[in-house]
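This report concerns only the one structure given below.
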Amino acid sequence: NKVTSLFKASYEGYDLTMSSPVFVEGHNANAIWSYVYDGVRNLGTEASPNWQPTVKGAGDSFFNFGAWTTGDATKFCVDGGTTVAPLIIGLTNGLKVYDFDLQFIVTGKIGHVFRRESFNYPPVWNGRVLPNSKLNEVLNGDPMKIVPLPMNGEIEGRYYFWDRFHQYLDYLVEDAGHIRFQEINLTYNLPSSIGKSVGLKNLQLFAQGNNLFSIYFNKYNEDPEFPRGGFKLTPQYTFGLKVKL
């Protein structure tokens with residue numbers, strides 16, 4: 001889809017990055033918008049440095065994490081793609097080998113994006129929030145490519161503003177494509193002589209597995225539909241015996 005006509009003069013940065021869906025003329029209605037990370041800059045002096053993470057502004061300008069952006073955000077935020085898969089696939093099939101029947105269902109979604117989990121940069125005003133699993137990514141990362149921990153010692157006066165930016169950066173947008181093995185059924189038809197010996201027409205042993213595993217197209221192995229820290233699909237197994245009198 002595409003928004004073809006919309007009369008809106010300009011957008012604030014938070015209008016684009018924090019809203020979903022957001023409608024911008026000429027763009028997909030389900031686009032995911034992000035700030036473009038521009039590395040760290042010394043906003044102080046050589047003698048008294050003040051290193052701050054920044055995002056790109058319009059032209060050659062930039063904004064630091066200490067205040068809201070200004071101006072029309074469509075001039076400096078980027079459209080990372082649609083969050084709704086344009087291609088949905090499904091495959092179901094059945095095989096019979098001797099006395100075994102095998103059936104399976106595979107589904108997939110391709111061509112869309114999602115915003116992966118960011119390091120949470122724990123807020124200083126809430127001592128109960130602990131660093132999440134992305135801490136090593138930040139500690140071992142290049143501060144020109146990923147937001148580092150505060151670089152000015154123990155005091156970072158505008159640190160409480162960082163969460164307006166670090167969650168909505170362009171390097172967090174990843175391929176949301178995935179394939180799920182949703183169901184597999186395996187049935188074994190016992191020989192008819194066994195059933196007849198106990199007065200039954202048919203005996204079947206079966207095993208069924210649901211939500212067995214998924215293949216993700218992003219390198220971080222994150223599920224685009226079930227974010228970390230919440231509920232996620234778990235495998236389920238069923239075993240049984242079918243009897244026909």
Side-chain angles (χ1 to χ4, degrees), residues 8-20 22 24 27 31-81 83 113-176 218-220 222 224 227-229:
K8 184 172 175 62
S10 64
Y11 297 79
E12 298 290 346
Y14 53 79
D15 288 333
L16 295 182
T17 59
M18 297 184 183
S19 301
S20 180
V22 57
V24 180
H27 293 263
I32 187 168
W33 290 83
S34 305
Y35 297 110
V36 179
Y37 183 57
D38 204 25
V40 293
R41 295 172 184 261
N42 183 6
L43 304 184
T45 64
E46 185 175 351
S48 182
N50 177 21
W51 291 98
Q52 296 292 336
T54 62
V55 294
K56 288 187 176 181
D60 295 328
S61 64
F62 66 90
F63 302 102
N64 67 66
F65 280 23
W68 291 110
T69 59
T70 57
D72 182 9
T74 61
K75 305 300 182 183
F76 53 83
C77 287
V78 293
D79 174 353
T83 58
V113 296
F114 79 113
R115 205 188 309 273
R116 69 178 179 89
E117 183 184 36
S118 163
F119 177 59
N120 58 346
Y121 299 89
V124 294
W125 58 87
N126 189 342
R128 294 172 294 177
V129 177
L130 299 175
N132 65 11
S133 62
K134 300 296 182 177
L135 177 59
N136 284 336
E137 181 181 327
V138 171
L139 294 178
N140 299 317
D142 181 350
M144 298 304 295
K145 296 180 179 179
I146 184 172
V147 178
L149 296 177
M151 302 175 69
N152 297 314
E154 297 181 359
I155 299 175
E156 187 64 62
R158 302 288 288 179
Y159 180 68
Y160 65 89
F161 236 84
W162 281 29
D163 63 353
R164 278 79 160 175
F165 293 92
H166 72 72
Q167 304 174 75
Y168 309 104
L169 297 173
D170 58 323
Y171 63 72
L172 298 173
V173 177
E174 293 286 338
D175 189 340
N218 67 86
K219 63 182 180 181
Y220 295 92
E222 290 190 21
R228 296 190 182 198

Does any part of the side chain of Tyr11, heavy atoms only, come nearer than 4.5 Å to the side chain of Cys77, both counted from C-beta?
no
Rounded to the nearest 0.5 Å, the OG atom of Ser118 sits from the CZ atom of Phe165 at a distance of 13.5 Å
Ring pair (Phe, Tyr, Trp, His ring centres under 6.0 Å) filter on Tyr160, not counting sequence neighbours, yields none
For residues 135-149, tabulate all N or O donor-acceptor pairs below 3.5 Å that involve a side-chain atom, not counting sequence neighbours.
| unit_1 | atom_1 | unit_2 | atom_2 | d |
| --- | --- | --- | --- | --- |
| Glu137 | OE1 | Arg116 | NH1 | 3.4 |
| Glu137 | OE2 | Arg116 | NH1 | 3.4 |
| Glu137 | OE2 | Arg116 | NH2 | 2.7 |
| Asn140 | ND2 | Asn136 | O | 3.1 |
| Asp142 | OD1 | Met144 | N | 2.9 |

Quiz item: Is the closest side-chain heavy-atom distance between Tyr159 and Pro150 below 4.5 Å?
Solution: yes
Inset, instruction - Given side-chain contact (heavy atoms from CB on, under 4.5 Å), test Asp170 with Tyr37 step by step and report yes or no. - result: CA-CA 7 Å; Asp170 58 323; Tyr37 183 57; 3.9 Å; yes
The side chain to side chain contact (heavy atoms under 4.5 Å, CB included) partners of Pro227 (sequence neighbours excluded) come to none
Ring pair (Phe, Tyr, Trp, His ring centres under 6.0 Å) filter on Phe119, not counting sequence neighbours, yields Tyr121
Salt bridge (Lys or Arg N to Asp or Glu O under 4.0 Å) filter on Asp38, not counting sequence neighbours, yields Arg41
For this session: With side-chain contact (heavy atoms from CB on, under 4.5 Å) as the test, would you mind laying out the steps for Leu16 and Tyr168 before giving the verdict?
Result: CA-CA 10 Å; Leu16 295 182; Tyr168 309 104; over 6 Å; no
Side chain to side chain contact (heavy atoms under 4.5 Å, CB included) filter on Ser133, not counting sequence neighbours, yields Glu117, Arg228
Residues passing the salt bridge (Lys or Arg N to Asp or Glu O under 4.0 Å) test with Lys56, sequence neighbours excluded, are none
Side-chain contact test, heavy atoms from C-beta onward, threshold under 4.5 Å: evaluate it for Gln167 versus Met18 and give yes or no.
-> no
So the side chain to side chain donor-acceptor pair (under 3.5 Å) pairs with at least one residue in residues 70-81 (sequence neighbours excluded) are His27-Asp79, Asp72-Thr74
To the nearest 0.5 Å, atom CZ of Arg164 lies from atom OG1 of Thr69 at 12.0 Å
Sorted by chain and residue number, the side chain to side chain contact (heavy atoms under 4.5 Å, CB included) partners of Val173 (sequence neighbours excluded) come out as Ile32, Ser34, Val113, Arg115
| task | Verify side-chain contact (heavy atoms from CB on, under 4.5 Å) between Lys134 and Tyr220, making sure each step is shown before the conclusion. | result | CA-CA 11 Å; Lys134 300 296 182 177; Tyr220 295 92; 4.2 Å; yes
Q | Polar side-chain atom of Thr54 near backbone of Gly39 as donor-acceptor pair, under 3.5 Å | A | yes
Closest non-hydrogen atoms of Asn132 and Asn120, given as atom of the first, atom of the second and distance, are N-OD1, 3.2 Å
Contacts of Ser48 meeting side chain to side chain contact (heavy atoms under 4.5 Å, CB included) (sequence neighbours excluded), chain-then-number -> Thr45
Side chains of residues 61-68: which donor-acceptor partners sit under 3.5 Å, not counting sequence neighbours?
| unit_1 | atom_1 | unit_2 | atom_2 | d |
| --- | --- | --- | --- | --- |
| Ser61 | OG | Ala58 | N | 3.1 |
| Ser61 | OG | Ala58 | O | 2.6 |
| Asn64 | OD1 | Gly66 | N | 2.6 |

By side chain to side chain donor-acceptor pair (under 3.5 Å), Asn50 pairs with (sequence neighbours left out) Gln52, Asn152
